[in-house]
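Below is one structure, written out as structure tokens, with a few remarks after it.
Values in this document were obtained by computation on a predicted structure and should not be read as measured data. As a basis for the values below, the full set of heavy atoms in this structure was taken, side chains included, without hydrogen atoms, waters or symmetry mates.
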Amino acid sequence: MSDPGRRAFLGTAAAALAGAAIAPGIRLVELAAARSPEEAASAKVRWGLLVDANRCASGCTACVTACRTENGLADTGRPRTDAQWIRIVDLRDPRTGREARAPVMCQHCAHPPCVDVCPTGASFKRADGIVLVDRHTCIGCRYCMMACPYKARSFVHENLADQKPDVPRGKGCVESCTLCVHRVDRGGTPACVEACAAAGHGAMLFGDLNDPESAIAKRLRELPARALRADLALDPGVRYAGV
Amino acid sequence: MPRPLAAFAVLAVLAASVAWAAGASRVAKPVVAVERPGSCVEATDVMRRDHMRFLTHQRDRTVHEGIRTKRHSLAGCVECHAAAKTGSVLGPEGFCQSCHAYAGVRLDCFECHAARPGGASAGSAR
Ligand code: SF4
Ligand code: SF4
């Protein structure tokens, strides 16, 4: 399968079949989901994640490590100020003693308070639901950090060097999980999701919430899942089962 | 312009070019070495004047709309113009930095952006 010609052919074939049902319940649309580079992100798509806490293995930090590697978040030895785009949160029900753990990152809210409060328009929601900071316009006021109920955002306190070409970032700006937008735009999946699958847990699922045939939409139909702090009605793109 | 003044202006220009020829310029000339010659995305004179406009336009389209065409992307500039020796567009002889130093224009792209080429991370297909 490493033959580029063959891969290109399969890509074209899949694109040609995009959206066509080849048999009831089986479609090739997922294969053809990658946009071409000149095509803008579309509101027809709403990217989301489903985290199944029942599968999140105790002691595992594969998603956190993968995020740091992918986005070039170095460990400065000063954890109080180091950027955290994703963290494992341990939960315990004091009444029953039931424990659970799950990764929490930017929840890519449909009604993001971080966007509401931003005085410059730097914090914004892309057409496909991914919430980002445009660092060219961010003035580092950190209003968004105060507004985010999930503590998803970090401020970059120090000069950085050797950033990843795909992930520009620097001192004086606020940042958070981008849902690996650079990978998503190329038709890939976020690094955390891939790492979780590679570690054999499969506790994270990425996909288009708007497409009823997508794996994530199907799973959400089967599994009782909810939004964290659903009472805030922010309609996050990240959903949790088993918490 | 009255005659004597015009004559004076011509003299001044002449004097300046003599000083230039004698290498009396206090500012080091930029190092414009293109190690991967080929055709740039626009004509040289257009790039000299307008590269910042192309970059600003592209940056907004990429960040806000997710349009990732290569033609006017900063990563594309770095890809071709990084020096073979240092692997970077920065440094005293770096393509970007040497010219910006000469022009006296602060170059802050690379406080956030990578100044060296690097392959895109793969990200397996969905
Ligand atoms: S989780 Fe926080 S940073 Fe992310 S969209 Fe919601 S409010 Fe904004
Ligand atoms: S820190 Fe930046 S993104 Fe956050 S509210 Fe201020 S300007 Fe907006």
Side-chain angles (χ1 to χ4, degrees), chain A residues 7 11 14 30-42 69-72 121-122 124 126-128 130 132-137 156 159-173 180-191 193-194 197-198 206-208 214-215, chain B residues 36 41-42 51-83 86-92 94-97 100 105-126:
Chain A
R7 289 179 63 152
E30 273 86 7
L31 284 175
R35 308 190 326 267
S36 66
E38 56 275 356
E39 205 182 323
S42 149
T69 310
E70 176 69 22
N71 296 298
F124 70 100
R126 229 169 69 144
D128 55 7
I130 301 181
L132 298 170
V133 176
D134 182 348
R135 292 167 175 85
H136 305 103
T137 8
V156 180
N159 280 319
L160 303 178
D162 292 327
Q163 290 92 328
K164 294 278 173 121
D166 276 335
V167 190
R169 48 191 295 266
K171 178 175 155 183
C173 292
C180 280
V181 65
H182 56 288
R183 295 165 70 115
V184 171
D185 281 347
R186 281 189 208 110
T189 50
V193 176
E194 222 169 275
F206 170 82
D208 178 8
S214 71
Chain B
R36 280 178 54 187
V41 296
E42 304 290 342
H51 64 281
M52 68 300 276
R53 278 179 260 280
F54 294 136
L55 286 169
T56 310
H57 184 62
Q58 175 78 11
R59 132 201 142 173
D60 291 342
R61 282 161 44 101
T62 302
V63 176
H64 291 266
E65 294 168 53
I67 293 170
R68 290 177 186 268
T69 46
K70 290 263 188 280
R71 187 178 175 111
H72 292 146
S73 89
L74 183 62
C77 301
V78 171
E79 200 84 3
C80 265
H81 288 294
T86 60
S88 172
V89 293
L90 298 183
F95 183 86
C96 297
Q97 192 177 326
H100 271 254
V105 178
R106 191 170 150 212
L107 174 63
D108 54 11
C109 302
F110 301 106
E111 282 172 28
C112 288
H113 286 273
R116 329 170 153 271
S121 69
S124 65
R126 282 189 284 273

Smallest separation among heavy atoms of A/P165 and B/R116, with atom names
CG-O, 4.2 Å
Select, from A/R169, A/R126, A/K164, the one with the greatest count of heavy-atom pairs under 4.5 Å involving chain B.
A/R169
Are the side chain of A/R35 and the backbone of B/G66 linked by a donor-acceptor contact shorter than 3.5 Å?
yes
Rounding to 0.5 Å, atoms CG (A/N159) and CD (B/E111) come to a distance of 7.0 Å
Heavy-atom pairs under 4.5 Å with chain B are the metric here; pick the option from A/G170, A/G172, A/G72 that has the most.
A/G170
Once rounded to the nearest 0.5 Å, what's the spacing between atom NE2 of A/H136 and atom CG of B/D60?
8.0 Å
Smallest heavy-atom separation, B/V63 atom then A/L132 atom, equals O-CD1, 3.9 Å
What distance do B/R61 atom CZ and A/E38 atom CD have between them, rounded to the nearest 0.5 Å?
9.5 Å
CA sep, side-chain torsions, deciding dist, call: A/H182, B/T62, side chain to side chain contact (heavy atoms under 4.5 Å, CB included)
CA-CA 10 Å; A/H182 56 288; B/T62 302; over 6 Å; no
Heavy-atom pairs under 4.5 Å with chain A are the metric here; pick the option from B/R59, B/E65, B/R71 that has the most.
B/R59
Quick check on A/D162: does its CG atom have over 12 non-hydrogen neighbours (other residues, nucleotides or ligands) under 6.0 Å away?
no
Given that the side chain runs from C-beta out, which part of A/E39 has a heavy atom under 4.5 Å from chain B: side chain, backbone, both or neither?
backbone
